[in-house]
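Just so it is clear: chains get the letters A, B, ... in the order the sequence lines come, proteins before strands, and each one is counted from 1. If you're wondering where the values come from, they're calculated on a predicted model, not measured in any experiment. Only this structure's heavy atoms are used, side chains among them; waters, hydrogens and symmetry mates stay out.
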2 protein chains.
Amino acid sequence: MKKTSLSDIAKALGVSKALVSLVLNDRGDEVGINKETQKKVVRMARKMNYKPNMVARGLRLGASKTIGLIIPNIANLFFARIARVIEDEAGKYDYRVMSVSSDENPEKETGLIKVLLERQIDGLILASSLKDRTEIMNLKRDRVPFVLIDRHFPQIKCNYVITDNYHAAYNVVTHLINQGFKKIGLLKITPAYLTPIKLRFEGYRDALHDHGIRFDKRLVKEIPFGGIKNVMEQSLTELLFKPVSADALFFLNNDLTIAGLGVISTLGLRIPQDVAIVSFDDLELFRLLYPPVTAVAQPWQEMAKEAVRILIKEIQSPGKNNNNKTQIMLPARLEVRKSCSKF
Amino acid sequence: MKKTSLSDIAKALGVSKALVSLVLNDRGDEVGINKETQKKVVRMARKMNYKPNMVARGLRLGASKTIGLIIPNIANLFFARIARVIEDEAGKYDYRVMSVSSDENPEKETGLIKVLLERQIDGLILASSLKDRTEIMNLKRDRVPFVLIDRHFPQIKCNYVITDNYHAAYNVVTHLINQGFKKIGLLKITPAYLTPIKLRFEGYRDALHDHGIRFDKRLVKEIPFGGIKNVMEQSLTELLFKPVSADALFFLNNDLTIAGLGVISTLGLRIPQDVAIVSFDDLELFRLLYPPVTAVAQPWQEMAKEAVRILIKEIQSPGKNNNNKTQIMLPARLEVRKSCSKF
DNA sequence: TTGAAAGCGCTAACAA
DNA sequence: TTGTTAGCGCTTTCAA
């Protein structure tokens, strides 16, 4: 059974495609089509189980009503929650979302951008892992509406919505210092060139400095995105025992925290007596761990909402405003729990 | 700057669209097009920053190379992980995934199916919340390739990949009974008509029966999908104190477990001394809770892989095999941890 | 109040 | 070895 198209209906009724199109798009009254005719069309459409072909419509109209979403990994709850909000918000404007995972891999991401553009997405939201800015510059040059989230490129004038990573990290480290911790290990995710990672690192470094603690590079570890499970044990062993002997750990994302907690548990260390813990990214279960894990709660909901709002606005204002880009930095909230209190 | 199309290239080169199309689809040699001409075309395409329009291509070919994915909620890690595997597997065949969240709401899901079909997806994977089977029957009637995952409809002959929910639940309850627990509370998610919920319930009921324990309906609670946080406290209070006094709780999905753990912690109850816990769905952090939470680890990876494999096979074998549907039931693994050991 | 025709960008069949 | 034509399903003129 073939799908029914506009012209099938038109033929069955002995009218023109144009008329059917008008009626089915609720423009019958506007154009002034006979009520009776309209009814006939609608009835026949239902009878023939007509489903409009949005692809054809999109081709004709030059708009797919689809936005692309590039994130490192949909199976990371931070991004999954963002994806969910983006889906809901975009849905309000009748946009659908095609989301893809880049695995923090710039080459893969470049390929995905191409794929999405070829599919004629109307706009793009990226939590980008790109190292190089040329790819983003190309988007600008090609006038593709896009919004960066979570990670941005300071040199590029474009829309973005990010967390205030610097101050969030600064506050974490200040809190730890105030609690009496002095040797604070930092666990970064690779690639370390990502702006959030860099800014969190700077917040860490400056907080130490401002409190008179000398920066010790042995306290900083990088864990590759693809090998967290394998590398974490080694890194923590180096951090937690002599000669480094960290007394607190600051994990820069939730994947790291989860893996780190596993290793600490395996090593039989107590939190916070043997080592204090803070996580960038908050998860519901952190509150229920023993002891509950102190975490930076990022404003993922606002971030996603704003991103969609900005993107849709830009999509719908073709051409103009091409030089007024929106840049938003949202504060994070530090959820202080027992994992970093000095007993 | 307008996007360049095939005919722009053709015009610039003084050749035909067809030729350009052939060359750019790597069919130049096959058809026997002059090497020099081919080079010219490729060079010009690059120079003009040509990007094929997959929407137009799809319209012409009658295939969008897109599959739809309907799940209850992408922000639930069980489904997020599945979505990730589906994305990866589909990508191997050059298919992209458009995923949407139904919120366990049949009306919303019906709308989403319509939206996806209108967008000309080539096939559909559903973790369906539908109550009624008519919608699924319509998919069959319209010859839409589809695969059900996680939830199936026993009366309908179609592709599905599910967990062996009955035996998984049976084993959980048997284990609890063997540990000496007798009053096992069951927390279902609403809608309770979903096959996994029903089958898990039956496994629970039969295990009780086979071990000579009388079924007590006061031990069974239903928590609405949209109101877990609000209702959980009330339900657990009823279950855990007199007159019911459950000594163990079996949560039928991870959202329930997380919420339940929160309430238990608030109530100041100890696990497993005051109440034992088992979760359907395993999360990494469950292992790290105090005590670690016993959980049913579902075969989400195999489920997603199989679903894609079956779907693509069906998409690529048009018409034929219309009556040989694949039905797979995968075993789950019970991860026994301390949360349900009789101290 | 309705219809005819053009065209979005692409590919396949057929011609030359 | 290359070109022409038709048409996928839709919307938008413009004409009747």
Engineer: Think B:Thr37 has a side-chain N or O under 4.0 angstrom from the OP1 or OP2 of D:dT2?
Structural biologist: yes

Engineer: Could you tell me whether B:Arg27 and B:Glu30 have a side-chain N and a carboxylate O separated by less than 4.0 Å?
Structural biologist: yes

Engineer: Just the rounded figure in Å: distance from C1' of D:dC10 to NZ of A:Lys51.
Structural biologist: 17 Å

Engineer: Would you call A:Asp103-B:Arg84 a salt bridge at under 4.0 Å N-O?
Structural biologist: yes

Engineer: Considering every strand and a 4.0 Å limit on heavy-atom distances, what is the contact class for B:Val31: base, sugar-phosphate, or nothing?
Structural biologist: base

Engineer: Using a heavy-atom cut-off of 4.0 Å across all strands, would you classify B:Leu6 as base, sugar-phosphate, or nothing?
Structural biologist: base

Engineer: Once you round it to whole Å, what is the distance between P of C:dG9 and CE of B:Met48?
Structural biologist: 12 Å

Engineer: Just compare D:dT2, C:dG3, C:dA13 and give me whichever is closest to any side-chain atom of B:Ile33.
Structural biologist: D:dT2

Engineer: Which part of the nucleic acid, if any, lies within contact of A:Leu59, taking any heavy atom under 4.0 Å across all strands shown: a base, the sugar-phosphate backbone alone, or nothing?
Structural biologist: base

Engineer: Got a salt bridge between B:Glu118 and A:Lys3, using NZ or NE/NH1/NH2 to carboxylate O under 4.0 Å?
Structural biologist: no

Engineer: Contact class for A:Ser21 vs. all strands (heavy atom < 4.0 Å): base, sugar-phosphate, or nothing?
Structural biologist: base

Engineer: To the nearest angstrom, how far is B:Leu13 atom CG from D:dT1 atom C1'?
Structural biologist: 15 Å

Engineer: Return the nearest nucleotide to the side chain of A:Ala18; candidates are C:dA4, C:dT1, C:dA12.
Structural biologist: C:dA4

Engineer: Rounding to a whole Å, what distance do you find between A:Gln120:CD and D:dC10:P?
Structural biologist: 18 Å

Engineer: Only one of A:Glu109, A:Glu104, A:Arg151, A:Glu135 forms a side-chain hydrogen bond (donor to acceptor under 3.5 Å, both in side chains) with A:Ser128, so which one is it?
Structural biologist: A:Glu109

Engineer: May I ask you to say whether B:Lys305 pairs ionically with B:Glu302, meaning some side-chain N is under 4.0 Å from a carboxylate O?
Structural biologist: no

Engineer: What is the distance from CG of A:Leu24 to C1' of C:dT2, rounded to the nearest Å?
Structural biologist: 16 Å

Engineer: Regarding B:Thr326 and B:Arg309, do their side chains bring together a donor and an acceptor under 3.5 Å, going by distance alone?
Structural biologist: no

Engineer: Are B:Glu314 and B:Lys325 close enough that some pair of their side-chain heavy atoms sits under 4.5 Å apart?
Structural biologist: yes

Engineer: Indicate whether the side chain of B:Thr66 and that of B:Gln120 have a donor and an acceptor atom separated by less than 3.5 Å.
Structural biologist: no

Engineer: Let's see if you can work this out: which of C:dG3, D:dG9, D:dG3 has an atom nearest to the side-chain heavy atoms of A:Val15?
Structural biologist: C:dG3

Engineer: Of the candidate nucleotides D:dG9, C:dC10, C:dA13, which contains the atom at the shortest distance from the side chain of A:Asn53?
Structural biologist: D:dG9

Engineer: Of all the nucleotides listed (D:dT12, D:dG9, C:dC10), which has the minimum atom distance to the side chain of A:Ser5?
Structural biologist: D:dG9

Engineer: Could you please name the option among D:dT12, D:dA6, D:dC10 that lies closest to any side-chain atom of B:Lys17?
Structural biologist: D:dA6

Engineer: Run through DNA chain D and report every stem of 3 or more consecutive Watson-Crick or G-U pairs, distances under 3.5 Å, ordered by first number.
Structural biologist: C:1-16 with D:1-16

Engineer: From CG of A:Asn25 over to P of D:dT13, roughly how many Å is that when rounded to an integer?
Structural biologist: 14 Å

Engineer: Report yes if at least one side-chain N or O of A:Arg27 is closer than 4.0 Å to OP1 or OP2 of D:dT12; otherwise report no.
Structural biologist: yes

Engineer: Find the distance B:Lys40:NZ to D:dT1:P and express it as a whole number of Å.
Structural biologist: 14 Å

Engineer: How many whole angstroms separate atom CG of B:Leu19 from atom C1' of C:dA13?
Structural biologist: 16 Å

Engineer: Quick one: label A:Gly28 by what it contacts on the DNA or RNA (base, sugar-phosphate, nothing), any heavy atom closer than 4.0 Å.
Structural biologist: nothing

Engineer: Where each residue is assigned the nucleotide of DNA chain D containing its nearest heavy atom, which of B:Ala56 and B:Gln38 is assigned the position nearer the 5′ end?
Structural biologist: B:Gln38

